Undergrad: 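I'd like to ask some things about the structure below.
Below, chain A is the first sequence line, B the second, and so on; all start at residue 1. Since the model is a prediction, treat every value here as computed from it, not as a measurement.
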Amino acid sequence: MTAEGKGVVGVLFSSLAEKLQNTLRKLKGKGKLTEADVNEALREIRLALLEADVNFKVVKDFLGRVKERAVGLEVQQSLTPGQQVVKIVYEELTALMGGGENKIKWTGQPPTVIMLVGLQGAGKTTTAAKVALYCQKQGRRPLLVAADVYRPAAVRQLQVLGEQLKLPVFSPEKEENPVGIVRLALDEARRLGHDPVIVDTAGRLHINEEMMSELGAMKEAARPHEILLVLDAMTGQDAVRVAEAFHRELGLTGVILTKLDGDTRGGAALSVRAVTGCPIKFIGVGERPEALEAFHPDRIASRILGMGDVQTIIEKAQAAIDREEALELQRKLRQQDFTLEDFLRQLKQVQKVGPLEEILGLLPGVGPWKQLKGVQVDPKELVHIEAIIQSMTPEERRNPGIINASRKRRIAAGSGTKVQDVNRLLRQFEEARRLMQHLGDLAGGKKGKIKVKFPPG
Amino acid sequence: MNLLKKLKQSLTKTRENLAGRLENLFAGKRGLDEEFFEELEEILLTADVGVATTLELVEGLRQRARKENIGDPASLSSLLQEEVVKLMEHEAAGLQLAPSPPTVILVVGVNGTGKTTTTGKLAYRFRQKGSRVILAAADTFRAAAAEQLAVWARRAGAELISHQPGADPGAVVFDALQAARSRRADVVLVDTAGRLQTKTNLMEELKKIRRVIGREHAGAPHEVLLVLDATTGQNALSQARLFHDAVEVTGIVLTKLDGTAKGGVVLAIAHELKIPVKLVGLGEGVEDLEEFRPREFALALFGG
């Protein structure tokens, strides 16, 4: 298993967020806004959005709406004009991405059929397995259907993923027509009581008419309740045209954005919903099979504006850590007594919750903490880290300051590592602790700050 | 079929959007006013050329128009093409071969850009020239990646070196180079696992693969090809930059150019990073890989 390097939402939209924050910070302090101020801000927002691959037309419309509202702005007592512009941009961004959360629509007469479609290399096969796992965790009995008969070894890929995750995969040897495969799969699902049926289709170009009409025939046969477009989040200006073409042919019910764990600015997310009206239902945030999340437009919008994503972090924590532990961690964050033992527990949760930095990235005010590389942990390395920490005395774990050179040598010998490894671990811990303290300042005590806190610097 | 024709054919839909729009713009009757340049800017931006490169291209044209007293849009058309060609043209755009075989080519990129397909097509290309080709299945991570490459090896008539899933990719590469030596292969193509450029651990693994190659065969790899999906937007710049930092990319393969994709982002890459595009992928067939020629690309994309 590979380590998930960068955090999820920690990086998601981060460049875009930074740019917008810089622009909007200038406005925030202002008591009065001139039209020149607004225009200047809008120009910078335009460039930031374009560089983030937001569709050109979407940018135009977006800025038009913001400006219309900003110029006719009535001065409110509670907010400065700058804050009001921030509010408008936030509201428009949220609206652009489509309001509330969007879940899978389950049919009253199972099985619910979910069809995944998209261009080559968008990540359909990987995503199919992720969706199946997601459904299984909700107590359902998914059936994966390998209907990509074109790409070499695509069926095999899905079979292997099924074996790894202990999920059934339907791939009839004698049937080579995707439409026939889907028919047989539905019979099988009804017979064995599977729900949902998740159909992985071959990647195809939206301008390839023959291949597109094959999807039409599959739709006819499968009568899917969900047809989800799997779209690479790094797609450029064409994202909108791709989505439109698939939507026209099939009537999409939603979009899954993949590869959002890189440093893509995710402009495709902003554009696709705006132009096609199709909600983004899930985002793919890593190569792990669990790395699939529901998409929350309002939270992403506040993330872009640096308001943090407190709600997501709470939900994430609840999914994997039990409540008490969460409360304990919260208490420790406040009191700032984060020990090496907590650090180890935190690292162990990496597999369950996702990397530490991913969690940290969700909190407000962490934007400037970019030098997180030291906190990044390879699961293989975790074994060593655990050994090192367990070779320490309880006193040393609570108070690492006392670990001098001779103690380091003892710990290294005891854990079968080198002194350099011990040093590295202590450095990583120090960095994590500094971050925790920074967060503690934000999360504890100073209430009300969270909402308006912009990262310093 | 020559590349220009093929490109044009596969880019017909794009031309309706890009070259077509440019044609309309340049054929327009109105003079070179602010609106003209704004529209030009818009067209380039929608082709993924990127903000910085677009602004520079447009500003350059604006100044030349002023300096050379050009008043009608039509004459600007060839100037634009010229600028684009200038951006794209680099020396030694062809693939570098080893002075003493085997030539080792390392294929890298983010997930889903078409590394395995490109490796397969490359193998076919070398086989057509009579070379003895070994494919190294160094993507031991993605499920069934080695099987996918095995299909391509059969299609191309190349030999395949692969290990168990999850094996150390460095070991696969080591074995492939040993095999190349004993079987006197001319070319070794190394297919690696897709990885997002920001994942430090995975980039370290890639560096290690490169080190193994260099240790086993001095001067290798002779090419490090970054496979780039032509539908990618501005993130392609980050991909090029970070992969280059890690393993010194020597050239780019632009894939899926048969879509409506325009690959305008390669202009931005050429402009900011000076990494040459060496090959373009134009379809799923074994022969759908062509050498990149900047002039033809510029003509196919930007009218003419």
Undergrad: State, yes or no, whether a side-chain contact exists between B:Leu45 and A:Glu51 at a heavy-atom distance under 4.5 Å.
TA: no
Undergrad: One pair to check against side chain to side chain contact (heavy atoms under 4.5 Å, CB included): A:Val155 and B:Glu147. What are the steps and the verdict?
TA: CA-CA 11 Å; A:Val155 172; B:Glu147 278 107 320; over 6 Å; no
Undergrad: Closer than 4.0 angstrom, basic N to acidic O: yes or no for A:Arg46 and B:Glu42?
TA: no
Undergrad: Which is it for A:Thr125 and B:Arg142 under the side chain to side chain contact (heavy atoms under 4.5 Å, CB included) test, yes or no, and what are the steps along the way?
TA: CA-CA 11 Å; A:Thr125 307; B:Arg142 180 165 60 92; over 6 Å; no
Undergrad: Anything under 3.5 Å between a donor and an acceptor, one on a side chain of residues 160-168 of chain B, the other on a protein residue two or more places apart or in another chain? List them.
TA:
residue: B:His163; atom: NE2; partner: B:Asp175; partner atom: OD2; Å: 2.7
residue: B:Asp168; atom: OD1; partner: B:Gly170; partner atom: N; Å: 2.9
residue: B:Asp168; atom: OD2; partner: B:Lys208; partner atom: NZ; Å: 3.0

Undergrad: Output side-chain donor-acceptor pairs under 3.5 Å for residues 116-123 of chain A, partner residues at least two apart or in another chain, one line each.
TA:
residue: A:Gln120; atom: NE2; partner: B:Glu284; partner atom: OE2; Å: 3.0

Undergrad: Would you please name every residue forming a salt bridge (charged side-chain N to carboxylate O under 4.0 Å, His left out) with A:Lys124, sequence neighbours left out?
TA: none
Undergrad: Nearest heavy-atom pair of B:Lys199 and A:Gly286: which atoms, and what distance?
TA: NZ-CA, 4.2 Å
Undergrad: Considering all heavy atoms of both residues, which atom of A:Asp261 and which atom of B:Thr198 are nearest to each other, and what is their separation?
TA: O-OG1, 4.1 Å
Undergrad: Rounded to the nearest 0.5 Å, what separation is found between the CG atom of B:Asn235 and the OG1 atom of A:Thr235?
TA: 10.0 Å
Undergrad: Can you say whether A:Lys57 sits under 4.5 Å from chain B via the side chain, the backbone, both, or neither, judging by heavy atoms?
TA: neither
Undergrad: Quick check for you: to the nearest 0.5 Å, what is the distance between A:Phe56 atom CZ and B:Asp48 atom CG?
TA: 12.5 Å
Undergrad: Which pair of non-hydrogen atoms, one from A:Gln237 and one from B:Thr46, has the smallest distance, and what is that distance?
TA: CB-O, 3.3 Å
Undergrad: Provide the closest heavy-atom pair for B:Ala144 versus A:Arg156 in the form atom of the first, atom of the second, distance.
TA: CB-CG, 3.6 Å
Undergrad: Look at the side chain of A:Asp53 and the backbone N and O of B:Gln234, then say whether any donor-acceptor pair between them is shorter than 3.5 Å.
TA: yes
Undergrad: Just to be sure I understand the criterion: a residue of residues 110-117 of chain B counts if one of its heavy atoms is under 4.5 Å from a heavy atom of chain A. Which ones qualify?
TA: B:Val110, B:Asn111, B:Gly112
